[in-house]
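Working notes for the structure below.
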Amino acid sequence: MSGTIDTSKSINLQPSDRLRSQQPLPSNELADFIQETLALTKRLFIQLQRRPSTLVAGVIQPLMWLILFGALFQNAPQGMMGNDLSYGQFLGAGLIVFTAFVGALNAGLPVMFDREFGFLNRLLVAPLASRYSIVAASAIYIVALSFIQTAAIIGVNALMGAGLPSLAGLGVIALIILLLVLGVTALSLGLTFALPGHIELIAVIFVVNLPLLFASTALAPLTFMPGWLQTVASLNPLTYAIEPIRYLYNHSQWDLSSIVLQAPWGTVSFGTSLAILLGFAALTLTAIQPLLKRRLA
Amino acid sequence: MAAAVTIQNLSKSYGTVPAVKDVSFQVERGQIFGLLGPNGAGKTTTIRCLCTLAKPDSGSIDISGISVLEQPREARKRIGYVAQEVALDKILTGRELLELQAALYHIPKVEARQRIEVLLEVLDLHSYADKKTGTYSGGLKRRIDLAAGLLHQPEVLVLDEPTVGLDIESRVVVWDFLRQLRASGTTILLTSHYLEEVDALADRVGIIDRGLVIAEGTPSELKNQLGGDRIVLRIREFTPLSEAERAQQMLSELPFVQEAIVNATAANSLNLVVTPDRDVLMSIQQSLQSAGLPIFGISQSRPSLDDVYLAATGKTLLDAELAAASSRDLKAEQKQRMR
């Protein structure tokens, strides 16, 4: 340590009088919650700004998928994907969803590192209005990140000739991404507090990641799959995010009753898809409550 | 007015391993209380319960009469905690870290900015404030951590091993700062396994061993209770055990020697407890000379806190430290630390 500490510059290091009087001000819980959540979110964005590699990789990866995977199936017979889509056009919706999914799946990693390095303890000894601010900050951050990535893919996709959904369509895409990301982020945070360390968390992410992609309609339509995979894919929440977005790309006219998917168990409308995603997010957010309560109580 | 910290019958186990058993002590307002003990004695567990990071199995902890268990949030407002492992976000600058800390303690922005300026000034951190904490030296990290712990002007500053891993110069700087802090009215509770640290700083000391507080009082009270002077005798720079034991037997027979122990961890030097007398050193010299044994070094002193520890546990703090180090379970420790 260099230099000396000079306390002669007399300053007030005394315990504040407010606390001393043992009469805490009637604090506004909501204002406190917002203050701490914003501060924690700001920290994540400062990290992102100084270490943008996650964001860059998160944008580049799906673009590579789009270009390479699209090229791989470029010569597939027209109409194979249903309708008269090129494979590139077909793939766009799948990649938008997959990118958001992977980002959300990784949401727990920074929190896990905070657990391991003791930074979480710094947060837990602070008089937070609610410790859910820690979770909320992660969710806000990941949702924002997903929106940035989604916008990039939609942009590139448009440049590659896939067209651009209407403004309302874009709004619905945002809603779909929001619901999916909330649900998956909850899962990831649940895993973060259930698993002992980042190695285990990364292993789980690694294992879950590609199978969920392949067992969805991201890369091929349901009609293309054998029966058992159709069943799996129609249980996969990713499918219910992909299909409505794909529908938006391919149809200028749509409403909540538009049929977006022919699942083994029946037809799925636009509205049903949204309801399923909402249910998924609600389910995972509810499912992790006991764990978060135990760990953050 | 209630004491700054009151801990009563605190017990905490991790699994079947008891970490703290029935610990009770009080910290008076404006004092520095030192919790002294080897690694694994239960210091950190006690602190963790106090700072609401761990839930005690039984017992109570009050900060100025506010129950930590019943009103954790009110208690947290009154505690400034400086952990043993400095956990800084290395991507943030010092100032950004303090701004985050201020928001977590709900300090209004304008006031936070002023307090940060003052603390940066007092802790001589100005020139580093806008550098990333990842580039800081150990001493700098400790200082920014101190600043973070003090930002909300806590009633009680809790420091877990405040100078572990620091060089001597940095330690003295921290010590001076803590003394100044006490002078300005802050109550300080610190843990340490450094005797000299506790001796130099603490108004009162609790010695903790295997989860139990085995002695408590002011440093001079504890030392005076022991009675007798301490003599450390080194026959050679590295004394063979046989020679040390021969001397031990011979010196034990001297009338003023109350106790003679061979300290294997200090090159078989002899630790004697003697009834204070002017001729003690000379008598020892004479009897060694007559037995044909040389003297490499000999010193007489009043009892130290280490002697207090030795008297209570039958081992020196260093021995306990070494024993603890060999039986440490780092994985279990990490697990206790993580939430």
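In what follows, chains are A, B, ... by sequence order, proteins preceding strands, each numbered from 1. Excluded from the calculations below are hydrogen atoms, water molecules and symmetry mates; all remaining heavy atoms, backbone and side chain alike, are included. In this text, all values refer to a predicted model and were calculated from it rather than measured experimentally.
The distance from atom NE2 of His106(B) to atom CZ of Phe33(A), rounded to the nearest 0.5 Å, is 10.0 Å. The line from CD of Gln35(A) to CD1 of Ile107(B) is 8.5 Å long, rounded to the nearest 0.5 Å. Considering OG1 of Thr37(A) and CG of Leu104(B), their distance stands at 10.0 Å, rounded to 0.5 Å. Taken to the nearest 0.5 Å, the CG atom of Leu100(B) stands 7.0 Å off from the CG atom of Leu123(A).
Under 4.0 Å is where a charged nitrogen must lie from a carboxylate oxygen, and between Asp32(A) and Arg73(B) at least one such pair does.
Scanning all heavy atoms of the two residues, the minimum distance from Leu53(B) to Val125(A) falls at CG-CG1, 3.6 Å. Annotation for Ala87(B) and Phe117(A): closest pair CB-O, 3.2 Å, computed over non-hydrogen atoms. For the residue pair Phe119(A) and Leu97(B), the shortest heavy atom distance occurs at CE1-CD1, 3.8 Å.
By the 4.5 Å heavy-atom criterion applied to side chains, Tyr81(B) and Leu124(A) are not counted as neighbours.
Using a 4.5 Å heavy-atom cut-off against chain B, no residue of residues 138-157 of chain A qualifies as contacting. Residues of residues 176-187 of chain A never come closer than 4.5 Å to chain B when only heavy atoms are counted.
In this structure, chain A has a heavy atom under 4.5 Å from the side chain of Glu96(B), while its backbone stays farther away. Residue Leu88(B) touches chain A through both its backbone and its side chain, counting heavy-atom pairs closer than 4.5 Å. The contact between Lys132(B) and chain A is made entirely by side chain atoms (from C-beta outward), counting heavy-atom distances below 4.5 Å. Neither the backbone nor the side chain of Ile168(B) comes within contact range of chain A; no heavy atoms are under 4.5 Å apart.
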Practice problem: Verify side chain to side chain contact (heavy atoms under 4.5 Å, CB included) between Lys42(A) and Leu92(B), making sure each step is shown before the conclusion. | Solution: CA-CA 11 Å; Lys42(A) 185 180 169 193; Leu92(B) 298 184; over 6 Å; no
Exercise. Any chance you could lay out the side chain to side chain contact (heavy atoms under 4.5 Å, CB included) test for Arg122(A) and Asp145(B), step after step, and finish with the verdict?
Key: CA-CA 10 Å; Arg122(A) 179 185 292 281; Asp145(B) 212 14; 2.7 Å; yes
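Applying the 6.0 Å contact sphere to CG of Leu68(A) captures more than 12 heavy atoms from other residues, nucleotides or ligands.
By the salt bridge (Lys or Arg N to Asp or Glu O under 4.0 Å) test, Asp57(B) is found to be paired with no residue, residues two or more places apart in sequence or in another chain being considered. Listed by chain and number, the residues in a salt bridge (Lys or Arg N to Asp or Glu O under 4.0 Å) with Asp114(A) are Arg43(A) (sequence neighbours excluded).
Among Arg50(A), Glu36(A), Arg51(A), the residue with the largest count of heavy-atom pairs under 4.5 Å with chain B is Arg50(A).
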